[in-house]
Amino acid sequence: MRIVTWNINSLRLRLGLLRHLVDALAPDVLCLQETKVPDALFPDAAPGALGFGHVARRGMKGYNGVAVLSRHPLVVDEAAPDWGGRGDCRHLAASVSLPGGEVLDLHNFYVPAGGDVPDRTVNPKFAHKLDFVDEATAWFRATGPRRRCVLVGDLNIAPLEHDVWSHKQLLGVVSHTPPEVERLNAWRDSGFVDAVRHFVPEDQKLYTWWSYRNRDWKASDRGRRLDHVWVSPDLRPNLGGYRILREARDWDGPSDHVPVAVDIDL
DNA sequence: ATGGTAGCGGAGCTA
């Protein structure tokens with residue numbers, strides 16, 4: 001069972017790259033963020049052509065948007081919260097029915113980026129980000145503990161020192177500030193383990209995002225690990241491997257994020 | 001301290 005998460009930064013603009021992704025990783029379940037397409041304009045024929053017979057999507061005009069493309073049947077959990085009551089299309093919860101009759105619970109998140117100034121008293125976007133993570137943490141605590149559950153997405157926070165290219169230089173930069181990191185850790189500790197760091201020691205650099213604003217992303221390599229895969233603790237023994245598809249950052253017309261894959265033996 | 005690029009939608013917001 002291979003689960004992939006990717007902030008595609010416009011589904012319609014990068015439909016062609018999905019073929020590259022399927023060729024490279026052959027996901028069973030593909031979770032997308034920043035689809036930037038309202039449901040009425042979703043390219044309905046595309047997933048089937050790539051072998052994904054089951055689709056869940058939640059999109060809006062212009063911004064945000066999440067989708068799940070799956071080779072196995074999906075049931076969307078419509079009762080999951082609308083975080084902040086904003087109708088923001090930042091979360092899809094679904095159950096995946098596996099061939100053996102087992103069910104996997106899936107959460108696909110796009111956490112607010114939080115703007116530029118890491119001060120909630122002057123930057124409402126930063127306040128929104130912190131509140132979003134607090135609300136999610138409280139909900140997962142209140143409704144847990146979970147089994148056979150996977151949470152993925154662009155969480156827009158790089159928690160560890162080596163999840164950014166320079167811990168010192170990014171301590172005051174939104175995505176790596178202490179209040180964000182504390183909250184992300186509390187959210188994870190509400191009932192998950194970090195599936196990628198399960199395989200990679202904390203003293204090794206790991207990035208999933210490189211800004212468009214660098215002349216040469218590879219040469220400067222100023223990346224951050226913003227995209228995550230978490231699993232409930234019962235699945236830890238089932239973790240089979242991971243892959244961060246760095247090469248995707250060099251695809252023609254790339255997203256600024258690259259796909260992250262985790263294999264779970266089920 | 002600043003500016004650098006990208007997507008949506010058709011100016012300015014968001015990232």
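These figures come from a predicted structure and were not determined experimentally. Numbered from 1 within each chain, the chains take letters A, B, ... in sequence-line order. Values below: all heavy atoms of this structure, side chains included; hydrogens, waters and symmetry mates excluded.
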Report the residues that fulfil salt bridge (Lys or Arg N to Asp or Glu O under 4.0 Å) with K218(A), sequence neighbours left out, ordered by chain and then residue number. D250(A)
When rounded to the nearest Å, what value does the distance between C1' atoms of dA6(B) and dG10(B) take? 16 Å
My understanding is that only residues two or more places apart in sequence, or in another chain, count here; which of them pass salt bridge (Lys or Arg N to Asp or Glu O under 4.0 Å) with R243(A)? E247(A)
Within 45° cone and under 6.0 Å: R146(A) NZ/CZ vs W139(A) ring: yes
Is there a donor-acceptor contact under 3.5 Å from the side chain of R2(A) to the main chain of D263(A)? no
Could you tell me how far apart D256(A) (CG) and dT14(B) (P) are, to the nearest whole angstrom? 17 Å
In this structure, how many angstroms lie between the P atom of dA15(B) and the CD1 atom of I8(A), rounded? 18 Å
Over how many whole Å does the gap from D227(A) atom CG to dA15(B) atom C1' extend? 13 Å
Which whole number of Å gives the distance between the P atom of dG9(B) and that of dC13(B)? 16 Å
Please give me every residue in residues 218-226 of chain A whose heavy atoms get under 4.0 Å of an atom in DNA chain B, ordered by residue number. none
Test question: given the 4.5 Å side-chain rule for I, L, V, M, F, W and Y, name all other residues clustered with W209(A), or answer none. L226(A)
Between protein and nucleotides 2-11 of chain B, map the contacts as a letter string: B base, S sugar-phosphate only, - none, heavy atoms under 4.0 Å, written 5' to 3'. --BBSSSS--
How far does the C1' atom of dG4(B) sit from the matching atom of dA15(B), given to the nearest Å? 14 Å
If I take atom NE2 in residue H128(A) and atom C1' in nucleotide dT14(B), what distance separates them, rounded to the nearest angstrom? 13 Å
Euclidean distance, atom CZ of residue F126(A) to atom P of dA15(B) [Å, nearest integer]: 13 Å
Taking dG7(B) as the reference, what is the distance to dA11(B) when you measure between their C1' atoms (whole Å, please)? 14 Å
Checking S97(A) now: which residues fulfil side chain to side chain donor-acceptor pair (under 3.5 Å) with it, not counting sequence neighbours? none
Rounding to a whole Å, what distance do you find between W210(A):CH2 and dA15(B):C1'? 17 Å
Under the side chain to side chain donor-acceptor pair (under 3.5 Å) rule, collect the residues that match up with T177(A), sequence neighbours excluded. E180(A)
Qualifying side-chain hydrogen bond (donor to acceptor under 3.5 Å, both in side chains) pairs, either residue in residues 12-31 of chain A, two or more places apart: R14(A)-Y212(A)
Listed by chain and number, what are the salt bridge (Lys or Arg N to Asp or Glu O under 4.0 Å) partners of D163(A), not counting sequence neighbours? R197(A), R225(A)
